[in-house]
Amino acid sequence: MHRSPPDRHLVRCIYCRAEFDLFGATWCSHRNHHPSKICPRCLMCLCQHPLYQDPRQWLDAPPAFQRQGFRQLFILYG
């Protein structure tokens, strides 16, 4: 049986700890190398996180994430 790709990926915001759907969240408009998703509760994105600019904190995005617009995946969202 063929499994369809996930259409949701629940994560916790590192700022307010609210759970939200990473795939359904809005992308930030910051012009970083890696735009991030905005938490719908506190309206913060990860662009200011101290580890966000560290290349060791990134992985190639799995195919399901690539279909949602992710080229790479920040380890806190994995």
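In this text, all values refer to a predicted model and were calculated from it rather than measured experimentally. Just so it is clear, the values below take in all heavy atoms, side chains as well, and ignore hydrogens, waters and symmetry mates.
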Q66 side chain to A61 backbone, donor-acceptor under 3.5 Å
yes

Would you say that I38 contacts W27 through its side chain, given a criterion of any heavy-atom pair below 4.5 Å between the two side chains?
no

Is there a side-chain contact between H30 and C45 in this structure, where contact means two heavy atoms from C-beta onward sitting under 4.5 Å apart?
yes

Looking at W58 and Q53, would you say the former's side chain and the latter's main chain have a donor-acceptor pair under 3.5 Å?
no

Answer with yes or no whether the hydrophobic clustering places L22 together with L10; edges join I, L, V, M, F, W, Y residues whose side-chain heavy atoms lie under 4.5 Å apart.
no

Between CZ on residue R71 and CG on residue L73, distance to nearest 0.5 Å:
12.5 Å

Nearest heavy-atom approach of R17 to R12 is O-NH1, 2.9 Å

Side-chain donor/acceptor of D21 to backbone N/O of H9, under 3.5 Å
yes

Kindly indicate whether the side chain of Y15, heavy atoms from C-beta on, has any atom under 4.5 Å from the side chain of C39.
no

Check the orientation of F70 and F23. Use parallel for under 30°, tilted for 30 to 60°, and perpendicular for over 60°.
tilted

d(M44 CE, C16 SG) to nearest 0.5 Å is 9.5 Å

Are F74 and Q57 close enough that some pair of their side-chain heavy atoms sits under 4.5 Å apart?
yes

From T26 OG1 over to K37 NZ, what is the distance, rounded to the nearest 0.5 angstrom?
7.0 Å

